[in-house]
Peer 1: 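Mind having a look at this structure? Questions to follow.
As a basis for the values below, the full set of heavy atoms in this structure was taken, side chains included, without hydrogen atoms, waters or symmetry mates.
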Amino acid sequence: MARSSSRTRWGIISTGHIAGKFAEALQILPEAELYAVASRTQEKADAFARRYGFQHAYGTYRALAEDPEVEAVYIGTPHVFHLENAVMCMRAGKAVLCEKALTIHAGETEEMIRVAREENVFLMEAMIPPHVPLVKKILQWIRSGRIGEVRIFSASRCIRRDFSPEARQLKLELGGGSLLDVGVYPISFASMIFEQPPMEAYGVATFGQQKTDEQGAALLKYEDGAVANLTFALRTEAVNDAYIYGSDGFIHIDEIFAVPERATLYDKNKQIVEVLEEPITGNALNYEAEEVMWCLREGLKESPHMPLHRSLEVMRIMDRIRKPWGLIYPNDDR
Ligand SMILES: NC(=O)c1ccc[n+]([C@@H]2O[C@H](COP(=O)([O-])OP(=O)(O)OC[C@H]3O[C@@H](n4cnc5c(N)ncnc54)[C@H](OP(=O)(O)O)[C@@H]3O)[C@@H](O)[C@H]2O)c1
């Protein structure tokens, strides 16, 4: 789609929790135009548009996809609908920012990427960490050899909420469970650090009454011997920090490691060498929106900071570790 103004005209698909957060994120970005929102019901779309200041409200997702004025679409539906929603928008020529986990399984991610390339449109998984300024600095520490060779990554993304039985997080038919909802963060962070697929990937999970994985752990091993030790949960609070251990020192990222504001570099004698502090601006979803708009201005079809091959690798890891669990999502057999 040709860009006709300096502002990007955004459309949002869905009116749930994170869609509202993304609308708030757009509100603080002068280069973003809050153009349209779509819901499965016109009433919800109207209410969302009024609340956040969108110009148009649609009662079907298709109507938003078919609006020729929409340039970029943010998809905030449950995991099982991401592929269908993203394909519909990309076939209509839209740039797409789709929530994590990008899809239910790697086969769906492959299909999503194939459509993006066929249509020559921009596609990115809405994964915040790679766009956080402090994370970029931590990566510079690693890449410039400040901790030597990276050997161990250890991280936790656990939340404790009293979800109702109706919550999408606990519903298998909506792609619920801790792996896709929160486990994706440390796994994606590991892929960003190690920049290669693991040779070995194992996982364990504990299932709740609704047959979704409510907590779990993943162990990854890379070709050079580096390992990752990752935990994730929906009903257990934890200190959600991370450690990156190298041959010459280590980095501690304060919680929440995925949206950090403080990181400390230690030498191999556990002495502090440097502390980085940088506050998050907005609610951090603005970093993703800024990345999309920068990529569109540059004519890029994918983000160099959150490339599609990483999203695919993460889905393949999640497929591998859940296979022995017997965890099967509704559209697993596509
Ligand atoms: N980046 C982050 O920090 C973050 C945080 C939370 C969640 N997420 C991701 O965002 C996505 C949505 O999560 P959420 O917490 O916002 O979920 P949510 O509050 O349940 O909202 C999901 C929305 O999807 C739409 N939807 C379409 N079909 C649906 C169906 N059959 N059942 C329920 N909703 C349906 C609904 O909007 P309409 O009724 O308007 O159509 C609903 O409001 C997930 O992929 C999740 O992993 C990301």
Side-chain angles (χ1 to χ4, degrees), residues 1-103 112 115-116 119 121-126 128 164 166-169 171 173-176 282-297:
M1 167 163 299
R3 292 176 50 73
S4 56
S5 79
S6 56
R7 295 172 83 208
T8 301
R9 285 185 299 274
W10 281 92
I12 293 188
I13 281 189
S14 86
T15 57
H17 163 75
I18 201 68
K21 295 281 171 206
F22 191 76
E24 286 172 7
L26 291 183
Q27 285 174 332
I28 66 163
L29 299 173
E31 69 272 36
E33 189 173 331
L34 284 76
Y35 180 77
V37 60
S39 171
R40 292 166 301 163
T41 55
Q42 187 65 48
E43 294 73 22
K44 277 202 265 178
D46 289 340
F48 192 96
R50 270 196 307 276
R51 177 167 178 191
Y52 296 104
F54 284 81
Q55 300 163 41
H56 301 273
Y58 293 115
T60 67
Y61 298 163
R62 180 162 294 283
L64 183 142
E66 288 176 353
D67 182 334
E69 295 300 313
V70 172
E71 289 175 294
V73 180
Y74 167 80
I75 295 169
T77 52
H79 308 132
V80 287
F81 304 117
H82 289 178
L83 176 64
E84 177 189 329
N85 300 154
V87 166
M88 181 178 69
C89 293
M90 293 190 291
R91 290 286 184 216
K94 313 301 184 198
V96 167
L97 172 63
C98 181
E99 262 307 335
K100 44 54 66 173
L102 191 55
T103 59
M112 206 190 265
V115 173
E119 299 295 337
V121 293
F122 178 87
L123 172 66
M124 187 176 92
E125 181 183 5
I128 297 172
S164 88
E166 290 312 304
R168 72 160 178 86
Q169 286 87 345
K171 282 187 146 181
E173 64 269 31
L174 293 180
N283 62 14
L285 293 168
N286 40 294
Y287 296 136
E288 296 171 339
E290 281 179 311
E291 176 76 4
V292 173
M293 294 188 287
W294 172 75
C295 287
L296 294 182
R297 282 196 300 275

Peer 1: Can you run down the side chain to side chain donor-acceptor pair (under 3.5 Å) pairs that involve residues 11-30, sequence neighbours left out, and say none if there aren't any?
Peer 2: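 Listed once each, the pairs would be none.
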Peer 1: Who pairs with Tyr35 by ring pair (Phe, Tyr, Trp, His ring centres under 6.0 Å), at least two apart in sequence or on another chain?
Peer 2: His56
Peer 1: With sequence neighbours left out, write down each residue that passes side chain to side chain donor-acceptor pair (under 3.5 Å) with Gln42, or none if nothing qualifies.
Peer 2: Asp46
Peer 1: Just to verify, what does Ala49 make a side-chain contact (heavy atoms from CB on, under 4.5 Å) with, not counting sequence neighbours?
Peer 2: Val37, Phe54, Ala57
Peer 1: Got a sec, which residues hit salt bridge (Lys or Arg N to Asp or Glu O under 4.0 Å) with Glu43, two or more places apart in sequence or on another chain?
Peer 2: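 Result, salt bridge (Lys or Arg N to Asp or Glu O under 4.0 Å) vs Glu43: none returned.
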Peer 1: Does Arg91 have any salt bridge (Lys or Arg N to Asp or Glu O under 4.0 Å) partners at least two apart in sequence or in another chain, and if so, which?
Peer 2: Glu118, Glu119
Peer 1: State which residues pass side chain to side chain donor-acceptor pair (under 3.5 Å) with Tyr61; sequence neighbours excluded, sorted by chain then number.
Peer 2: none
Peer 1: Going by the rule side-chain contact (heavy atoms from CB on, under 4.5 Å), which residues pair with Ala47 if we only count those two or more places apart in sequence or in a different chain?
Peer 2: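 Only Arg50 meet the side-chain contact (heavy atoms from CB on, under 4.5 Å) criterion with Ala47.
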Peer 1: May I ask you to say whether Glu69 pairs ionically with Arg9, meaning some side-chain N is under 4.0 Å from a carboxylate O?
Peer 2: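 Salt bridge between Glu69 and Arg9, a charged N being under 4.0 Å from a carboxylate O: yes.
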Peer 1: What pairs with Lys171 under side chain to side chain donor-acceptor pair (under 3.5 Å), at least two apart in sequence or on another chain?
Peer 2: Glu166
Peer 1: Tabulate below the donor-acceptor pairs under 3.5 Å that side-chain atoms of residues 285-293 make, not counting sequence neighbours, or state none.
Peer 2:
{"unit_1": "Asn286", "atom_1": "OD1", "unit_2": "Asn283", "atom_2": "N", "d": "3.2"}
{"unit_1": "Asn286", "atom_1": "OD1", "unit_2": "Ala284", "atom_2": "N", "d": "2.9"}
{"unit_1": "Asn286", "atom_1": "ND2", "unit_2": "Thr281", "atom_2": "O", "d": "3.1"}
{"unit_1": "Tyr287", "atom_1": "OH", "unit_2": "Thr281", "atom_2": "N", "d": "2.8"}
{"unit_1": "Tyr287", "atom_1": "OH", "unit_2": "Thr281", "atom_2": "OG1", "d": "3.1"}
{"unit_1": "Glu288", "atom_1": "OE2", "unit_2": "Met127", "atom_2": "N", "d": "3.3"}
{"unit_1": "Glu288", "atom_1": "OE2", "unit_2": "Ile128", "atom_2": "N", "d": "3.2"}
{"unit_1": "Glu291", "atom_1": "OE1", "unit_2": "His305", "atom_2": "ND1", "d": "3.4"}
{"unit_1": "Glu291", "atom_1": "OE2", "unit_2": "Ser303", "atom_2": "OG", "d": "2.7"}
{"unit_1": "Glu291", "atom_1": "OE2", "unit_2": "His305", "atom_2": "ND1", "d": "2.9"}

Peer 1: Is it the case that the side chain of His82 and the backbone of Glu99 share a donor-acceptor pair, with hydrogens and angles ignored and the cut-off at 3.5 Å?
Peer 2: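 Present.
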Peer 1: Decide side chain to side chain contact (heavy atoms under 4.5 Å, CB included) for Asp67 and Tyr58; before the verdict, give the C-alpha distance in whole Å, the side-chain angles of both, and the deciding distance to 0.1 Å.
Peer 2: CA-CA 10 Å; Asp67 182 334; Tyr58 293 115; 2.6 Å; yes
Peer 1: Please identify each residue that fulfils side chain to side chain donor-acceptor pair (under 3.5 Å) with Gln55, with sequence neighbours left out.
Peer 2: Glu33
Peer 1: Minimum heavy-atom separation for Ile13 to Cys89, with atom names?
Peer 2: CD1-SG, 3.7 Å
Peer 1: Just to verify, what does Arg51 make a side-chain contact (heavy atoms from CB on, under 4.5 Å) with, not counting sequence neighbours?
Peer 2: none
